[in-house]
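If you're wondering where the values come from, they're calculated on a predicted model, not measured in any experiment.
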Amino acid sequence: MTSGQPHPHSQEPTLTIAQVVEHTGLSHDTLRYYEKAGLIERVGRTTGNQRRYELADLAWLEFLIRLRETGMSIADMQRFAELRARGNVSVPERLALLREHRADLADRIRALRRNAAALDDKIDHYERLLDQPGSDDLS
């Protein structure tokens with residue numbers, strides 16, 4: 001993430017908040033919230049005080065989206081962001097946090113598969129009932 005100041009000598013193109021919104025699907029408010037919550041470092045700004053995101057910011061935001069979409073809590077996301085800001089010294093802690101999250105995700109996926117199988121069984125049951133004329137038991 002940027003340090004809060006635009007990089008005047010950087011050759012890397014920067015993105016406006018509108019471009020980041022379009023690319024990530026996050027709202028303006030969510031981006032501001034992520035910054036305020038410490039999930040992203042203070043974003044660089046132009047002399048007109050407009051946020052300017054770098055490509056590295058976009059990659060980090062995309063990872064945050066994956067964490068959120070897989071059910072990681074904001075508190076754990078903040079913890080991960082804090083660890084990331086500490087650099088390579090925190091790699092073992094980040095790895096442990098991600099492994100724990102991945103295990104939780106695997107548990108949820110197994111539960112969803114069981115639930116999907118139960119729904120499939122019920123759908124099959126109703127389809128068989130509809131194929132039997134005169135059946136009164138549609139439970």
Could you list the donor-acceptor pairs under 3.5 angstrom formed between side-chain atoms of residues 85-97 and any protein atom two or more places apart in sequence or on another chain?
| residue | atom | partner | partner atom | Å |
| --- | --- | --- | --- | --- |
| Arg86 | NH1 | Glu93 | OE1 | 3.4 |
| Arg86 | NH2 | Glu93 | OE1 | 3.1 |
| Ser90 | OG | Leu83 | O | 2.4 |
| Ser90 | OG | Gly87 | O | 2.8 |
| Ser90 | OG | Arg94 | NE | 3.0 |
| Ser90 | OG | Arg94 | NH2 | 3.4 |
| Glu93 | OE2 | Arg79 | NH2 | 3.1 |
| Arg94 | NH2 | Gly87 | O | 2.8 |

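Note that the OH atom of Tyr34 and the CG atom of Leu64 stand 6.0 Å from one another [nearest 0.5 Å]. Interatomic distance, CD1 of Ile17 versus CZ of Arg52, reported as 11.0 Å (0.5 Å rounding). Taken to the nearest 0.5 Å, the CG atom of Leu39 stands 9.5 Å off from the CD atom of Glu82. Going from atom CD1 of Ile40 over to atom CG of Asp57 covers 7.0 Å, rounded to the nearest 0.5 Å. Interatomic distance, Leu112 CG to Arg114 CZ, rounded to the nearest 0.5 Å: 9.0 Å. With values rounded to the nearest 0.5 angstrom, Arg110 atom CZ is found 9.5 Å from Leu105 atom CG.
Side-chain contact check for Tyr33 versus Ile74: some heavy-atom pair is nearer than 4.5 Å. Side-chain atoms of Leu58 and Thr24, non-hydrogen and from C-beta on, do get closer than 4.5 Å to each other. Arg102 places none of its side-chain heavy atoms less than 4.5 Å from the side chain of Leu98. The closest side-chain heavy-atom distance from Glu35 to Val43 is below 4.5 Å. Counting heavy atoms from C-beta outward, His23 and Leu15 have side chains that stay 4.5 Å or more apart. Under the 4.5 Å side-chain criterion, counting only non-hydrogen atoms from C-beta, Leu31 is in contact with Leu61.
The number of heavy-atom neighbours closer than 6.0 Å to CD of Glu22, taken from other residues, nucleotides and ligands shown, is 12 or below. Heavy-atom neighbours of Arg113 CZ from other residues, nucleotides or ligands within 6.0 Å: at or below the threshold of 12.
With sequence neighbours excluded, the residues forming a side chain to side chain contact (heavy atoms under 4.5 Å, CB included) with Asp124 are Glu127, Arg128, listed by chain and number. Residues satisfying the side chain to side chain contact (heavy atoms under 4.5 Å, CB included) test with Asp29, not counting sequence neighbours, are Ser27, Arg32.
At least one donor-acceptor pair closer than 3.5 Å links the side chain of Gln78 to the backbone N or O of Ala37.
Between Phe80 and Trp60, the two ring planes are parallel [angle under 30°; tilted spans 30° to 60°].
Gly38 and Ala81 make their closest contact through O-CB, 3.7 Å (heavy atoms, listed as atom of the first residue, atom of the second, distance).
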